[in-house]
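This report concerns only the one structure given below.
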Amino acid sequence: MTWVNRARRGILEDMTTTVAAYAASSAKAPLERTTIERRTVGESDVLIDIEFAGICHSDIHQAREGWGEAIFPMVPGHEIAGVVAEVGSGVTKFKVGDRVGVGCMVDSCRECENCKAGQEQHCLRGNVATYNGVGHDGEPTYGGYSQKVVVDENFTVRIPDGLSLDVAAPLLCAGITTYSPLKHWGAAPGKKVAVIGLGGLGHMAVKIAHALGAEVTVLSQSLRKKDDGLKLGADHYFATSDPATFENLAGAFDIILSTVSAPMDFGAYLSLLKTGGALVNVGAPEEPVALNLFSLIGGNKTLAGSAIGGIAETQEMLDFCAEHSLGAEIELIEASQINEAYERVLASDVRYRFVIDTATI
């Protein structure tokens, strides 16, 4: 650990706390109960008693090395909701007992132009991922499938009283991942928004786009979840397995948000955009995809990507969700069910986010 990082956190000694967690020991290995070490609470840190942790599809991608080489043992989890148990001597934003959350990152350089602009997720030196990352102290990071976590107060957000912690946990990834691009690309009254996929991300995209005032359409492989989609706030629901969908909806949308993590025909979906419209991808397939650039050139269309949001925007999202009573649709599970939950996520057998009750770890 460098002197700079000791100074940042006020750490005078290398002290740790042992906590229970669920971890994968190697790629594709089942997650098993174990213990990990959490650093001592430094000057700017908060110790959080984790109460709930959401299961994101990206947890599976990383635990099984679908996105490339990973760090093991791995404790996944970047949808963390809990209560502050201890604060460092210099902490000003939180106190013991506060309801808080931690999302996909726990640090950044804080000095580059992106960090200074509140875009820590795009830190030019690389942000520190909540898990499967390496902190500025050179130590691997461990995520929310555990009982406690120590996080710098500047990468901790407040969960408003209007949100239960269990339904708030998935907002730390699924919420901000969809809120940020919808806000950036102007989802609002008078705009037509399509959401590809009604899963963990997609169901929050529908809720948020509806709350922003847009006319919302779900594009899903089948009509199996149509009733759910309409209850969540969609105005329309179409099956992409029906070729007529692409004929009837040609040029219909201002914004299309793709939430799926499988390869798809981008050209077909780009044809559904109005002139000047944007197709924004927040899913991350493990395989490369092909694109005919004429699909973009014709109609002056945009194909974009979006990755979560900065800390300030994450807080904005939580406040927005509390104001509009938007929590995730969840299935609460015990820690012993994590491996089963992974298989069910891969089978699209969850409506719509698994959340771990960490008291069972």
Atom CG of D349 and atom CZ of R351: how far apart are they, to the nearest 0.5 Å?
8.5 Å

Salt bridge R110-E120, side-chain N to carboxylate O under 4.0 Å:
no

Test: E111 and R125 ion pair at under 4.0 Å
yes

What orientation do H61 and H57 show, parallel under 30°, tilted 30 to 60°, or perpendicular over 60°?
parallel

Would you find more than 12 non-hydrogen atoms of other residues, nucleotides or ligands less than 6.0 Å from E153 atom CD?
yes

Could you go through Y342 and F354, starting from their C-alpha distance and side-chain angles, then the distance that decides it, and tell me whether this counts as ring pair (Phe, Tyr, Trp, His ring centres under 6.0 Å)?
CA-CA 9 Å; Y342 273 25; F354 285 117; 9.2 Å; no

Are the aromatic rings of Y131 and Y145 close, with centres under 6.0 Å apart?
no

Does D98 pair with K95 as a salt bridge, N-O distance under 4.0 Å?
yes

A27 and E65 have their tightest heavy-atom pair at CB-OE1, 3.3 Å

In terms of side-chain heavy atoms, does R38 have a donor or acceptor partner in T18 at a distance below 3.5 Å?
no

Tell me whether K183 at atom NZ has more than 12 heavy atoms from other residues, nucleotides or ligands lying less than 6.0 Å away.
no

Any idea which heavy atoms bring A205 and T178 closest together, and the distance?
CB-CG2, 3.7 Å

Determine whether F253 and L182 fall in the same hydrophobic cluster, where Ile, Leu, Val, Met, Phe, Trp and Tyr are linked whenever their side-chain heavy atoms lie under 4.5 Å apart.
no

Under 3.5 Å donor-acceptor, T130 side chain and M105 backbone
yes

Taking all non-hydrogen atoms of both residues, which atom of I256 and which atom of L272 are closest, and how far apart?
CD1-CB, 3.8 Å

So, are K192 and D254 salt-bridged, with charged N and O less than 4.0 Å apart?
no

So, taking the atom named CD in E139 and the one named OG1 in T16, what distance separates them when rounded to the nearest 0.5 Å?
10.0 Å

Report yes or no: do F155 and V149 belong to one cluster of Ile/Leu/Val/Met/Phe/Trp/Tyr joined by side chain heavy-atom distances under 4.5 Å?
yes

Under 4.5 Å between side-chain heavy atoms, counting indirect links through other Ile/Leu/Val/Met/Phe/Trp/Tyr residues: same cluster for V216 and I196 or not?
no

Check the side chains of S180 and E313 for a donor-acceptor pair under 3.5 angstrom, ignoring hydrogens and angles.
yes

Salt bridge present between R344 and E331 (N-O < 4.0 angstrom):
yes

Is it the case that the side chain of T358 and the backbone of I50 share a donor-acceptor pair, with hydrogens and angles ignored and the cut-off at 3.5 Å?
yes

Is the shortest heavy-atom distance from the side chain of T17 to the side chain of T40 under 4.5 Å?
no

Side chains of S44 and D152: do they bring a donor and an acceptor to under 3.5 Å?
yes

Polar side-chain atom of D107 near backbone of V128 as donor-acceptor pair, under 3.5 Å:
no

Hey, what do you get for CD1 (I80) to NZ (K148), rounding to the nearest 0.5 Å?
13.5 Å

With distance as the sole test, does T360 use its side chain to make a donor-acceptor pair with the main-chain N or O of A335 at under 3.5 Å?
yes

Is the side chain of N127 donor-acceptor paired with the backbone N or O of Q121 at a distance under 3.5 Å, no angle test?
yes

Donor-acceptor pair, T302 side chain versus A304 backbone, under 3.5 Å?
no

Check the surroundings of atom CD in E334: do more than 12 heavy atoms from other residues, nucleotides or ligands lie under 6.0 Å from it?
no

Is there a continuous path of hydrophobic side-chain contacts, each under 4.5 Å between heavy atoms, that joins I361 to M74?
no

Please report the shortest heavy-atom distance between L31 and P76, naming the atom on each side.
CD2-CD, 3.7 Å

Residue pair L165 / V83, side-chain heavy-atom distance below 4.5 Å
yes

Would a 4.5 Å heavy-atom cut-off, applied to side chains only, mark D45 and V91 as touching?
no

Would you call E51 and R99 a salt bridge, taking side-chain N to carboxylate O under 4.0 Å as the test?
no

Q315-D319 side chain donor-acceptor pair, cut-off 3.5 Å
yes

For the residue pair H210 and E215, confirm or rule out a side-chain donor-acceptor distance under 3.5 Å.
no

Just checking K191: does its NZ atom have more than 12 heavy atoms from other residues, nucleotides or ligands closer to it than 6.0 angstrom?
no

Is the backbone N or O of A129 less than 3.5 Å from a side-chain atom of T141, with the two atoms forming a donor-acceptor pair by type?
yes

Test item: I176 and L171 side chains (from C-beta on) under 4.5 Å apart, heavy atoms:
no

Quick one: does I330's side chain get under 4.5 Å of P170's, heavy atoms only?
yes

Look only at the side chain of R64 and the backbone of D59, and say whether a donor-acceptor pair between them is shorter than 3.5 Å.
no

Closest non-hydrogen contact found for A187 with I255 is N-CD1, 3.6 Å

Restricting to non-hydrogen atoms, name the atom on Y179 and the atom on E316 that form the minimum distance, rounded to 0.1 Å.
OH-OE2, 2.5 Å

Kindly say whether A70 contributes a backbone atom to a donor-acceptor pair with the side chain of Q62 at under 3.5 angstrom?
no

Close side-chain approach of I333 and V355, heavy atoms under 4.5 Å
no

Do L279 and L257 make a side-chain contact, defined as non-hydrogen atoms from C-beta onward lying under 4.5 Å apart?
no

Do I356 and I338 have side-chain heavy atoms sitting under 4.5 Å apart?
yes

Is I48 linked to V19 within one hydrophobic cluster, defined over Ile, Leu, Val, Met, Phe, Trp and Tyr using a side-chain heavy-atom separation of less than 4.5 Å?
no

Exercise: do N132 and Y142 side chains pair donor with acceptor under 3.5 Å
no

Looking at S222, is its backbone amide N or carbonyl O close enough to the side chain of S241 to form a donor-acceptor pair, meaning the two atoms are under 3.5 Å apart?
no

